[in-house]
Amino acid sequence: MCGIVGYIGYKDVKEILLNGLEKLEYRGYDSAGIAVRNEKGVHVFREKGRIADLRQTVDVNVQAVTGIGHTRWATHGVPSKDNAHPHQSTAGRFTLVHNGVIENYEQLKKEYLLDVPMKSDTDTEVIVQLVEIFANEGLDTEAAFRKTLQMLKGSYALALLDAEQEETIFVAKNKSPLLVGLGEGFNVVASDAMAMIQITDQFVELMDKEMVIVTKEKVTIKNLDGQEIQRAPYTAELDASDIEKGTYPHYMLKEIDEQPLVMRKIIQAYQNDQGKLTIDQGIIQALNEADRLYIVACGTSYHAGLVGKQFLEKVAKIPTEVHVASEFGYNMPLLSEKPLFIFISQSGETADSRAVLVKVKEMGCKALTITNVQGSTLSREADYTLLLHAGPEIAVASTKAYTAQIAVLSILAHATAESRGIKLEFDLIHELGIVANAMEVLCDTKAEFEQIARDYLASTRNCFFIGRALDYYVSLEGALKLKEISYIQAEGFAGGELKHGTIALIEEGTPVVALATQQDVNLSIRGNVKEVVARGANPCIISMKGLESEEDRFVIPAVHELLTPLAAVVPMQLIAYYAALHRSCDVDKPRNLAKSVTVE
Ligand code: F6R
């Protein structure tokens, strides 16, 4: 969701910015722009649509070594060229890109900008106009920027150019991610290390309410009182090849295929020298001291949390609740005496989850973040972090992060159970190995899922996913995958719940994907299939070896009953992928969606 890049150095900046923005495309956006500064002033190029459209508008004859760029995911104002960033102040002296939401922009406009004609509907323009007003009152750029920052309420990552100040990018951050990257004779700014990993792997983290003055030689971090802050850089452990598609047509397909490898990486990462699965003792102690766990997450990560609850309750025997982050603020449950919060977030930047984290930390609660991104906001602000080791997930639709989240939660439950002297009934390393093999078989059977997508989803308006027990949670995820990338109206239901209303929607030919991987409820879910077939549905039963029946469309290799979501979700992902492909949808960048959802 919105992305920022900036470069200041010695090379022509246009291509560096455009390449960087392309690396941020996965976050989701609907317009893009760059501004470059040279001795003639600042030149702005913006376009609605894709970076490829922006490329067409950039004047190749403009040479510059300083610039900023932005991908915008519309919040204030429709996606349009006028609302695209960078935005400029009235006199054109200042040029700004912004991620986040300024909550008090209307109020600031009324107070300071009544006489200033606005050129866009964005909250961002208010910031750049304020900087100009304060600069016109006699403040230097740094002071005018700082004064503006002190007035802003909300979230921001900002990069600012001053046409009158040679080769400097002014940067600031509050609640939205932003990094500064260090190079030899150049420095960069990026929302995500991925955008600039081709030219540097040395990054400096920025904390909330910090501003940075970036020149090609120097990076100076200050707090909003103007005091300088020293911070050492870290090496981003990101391989440039991790973020390339290679021979794959889409990142999503690559990431689905990477899942067996991710399972094996996770086993390795959490295995000690004696070959046992192990989790940091501080984390285990926190779980053991808690009388109840509260999992908080959004979307796919929430679905992984539902599966995680089963492990934590059934294996580790700790009562666990799962909550949608965006609702938690208003529907906060009555908390137990010793709660422990577990935030599950692929990106570690999701604003809804972060808002809950901030709130529960204020209440004095402890928190663990399970994330794919080391150093992400949720990781930094929680007491403990567990990493997913899934590698960068670039397709907007989450696949390998979901299975990694479930695998890490299973290890967490397993290690906690062991520490409590609970006798474990299965060897998790062995079972996760079986899962990895099953995933491989499923990934090698793509043609089958492509055919299912063709047979059931080519022209349908809607599709239902049903399951019971753990299969219910996978149904929710299957429906989410399908709707987000193919735009087919899809809903996941507990098999038994259909008859309480939703069955009214079943018509002649309505596709119903039924999961049957749970022994205890195998007959019941098949009963639900009969109910919908009697009303004209076109059923697609996906079962598991050992539970199969003649009517099944596909049989998944057997895995441990508690780990079935890890295998059962792969057909869901592939069916969604091929349905989207057959409908000519933009698989990796579905409409209206963002990868990193940094607004509440
Ligand atoms: C769906 C998807 C989203 C995310 C959700 C939370 O495929 O990716 O539903 O799961 O936006 O994001 P994270 O996990 O980054 O907190």
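Quick note: numbers below take in every heavy atom, side chains included, and nothing from hydrogens, waters or symmetry partners. Whatever order the structure lists ligands and atoms in, that order sets their numbers, starting from 1. If you're wondering where the values come from, they're calculated on a predicted model, not measured in any experiment.
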Give the numbers and elements of all ligand 1 atoms closer than 4.0 Å to a heavy atom of S301.
10 (O), 13 (P), 14 (O)

Electrostatic pair E258-K400, nearest N-O below 4.0 angstrom:
yes

Checking side chain to side chain donor-acceptor pair (under 3.5 Å) for the pair H323/Y294: CA distance, chi angles, key distance, verdict?
CA-CA 7 Å; H323 294 271; Y294 295 84; over 6 Å; no

Exercise: do E491 and T502 side chains pair donor with acceptor under 3.5 Å:
no

Protein heavy-atom partner closest to atom 5 (C) of ligand 1 - residue, atom, separation in Å
C298 O, 3.6 Å

Taking only Lys NZ, Arg NE, NH1 and NH2, and the carboxylate oxygens of Asp or Glu, determine whether D455 and R553 approach each other closer than 4.0 Å.
yes

Under 4.0 Å from a heavy atom of S345: which atoms of ligand 1 are those, numbered in the order shown and with their elements?
13 (P), 14 (O), 15 (O), 16 (O)

Of all the atoms in ligand 1, which lie at a distance below 4.0 Å from a heavy atom belonging to K481?
1 (C), 7 (O)

E255/K245 ion pair, N-O < 4.0 Å
no

Of the listed options E484, R354, Q573, closest to atom 1 (C) of ligand 1 (non-hydrogen atoms)
E484

Proximal atoms of ligand 1 relative to A397 (non-hydrogen, under 4.0 Å)
7 (O)

Students should be able to answer this: which protein heavy-atom is nearest to atom 11 (O) of ligand 1, and at what distance?
V597 CG2, 3.9 Å

Quick test of your reading of the structure: of T350, V396, V373, whose heavy atom lies closest to atom 12 (O) of ligand 1?
T350

Starting from atom 15 (O) of ligand 1, find the nearest protein heavy-atom neighbour and note its residue, name and distance.
S347 OG, 2.6 Å

Would the distance check show the side chain of K446 and the main-chain N or O of C443 forming a donor-acceptor pair, the cut-off being under 3.5 Å?
yes

For atom 3 (C) of ligand 1, which protein heavy atom lies nearest, and how many Å away is it?
T300 N, 4.0 Å

Taking NZ, NE, NH1 and NH2 as the nitrogens, is one of them in R50 or D588 under 4.0 Å from a carboxylate oxygen of the other?
no

Which atoms of ligand 1 are found less than 4.0 Å from any heavy atom of S398?
7 (O), 8 (O)

Answer with yes or no whether the side chains of H303 and E477 bring together a donor and an acceptor at under 3.5 Å.
yes

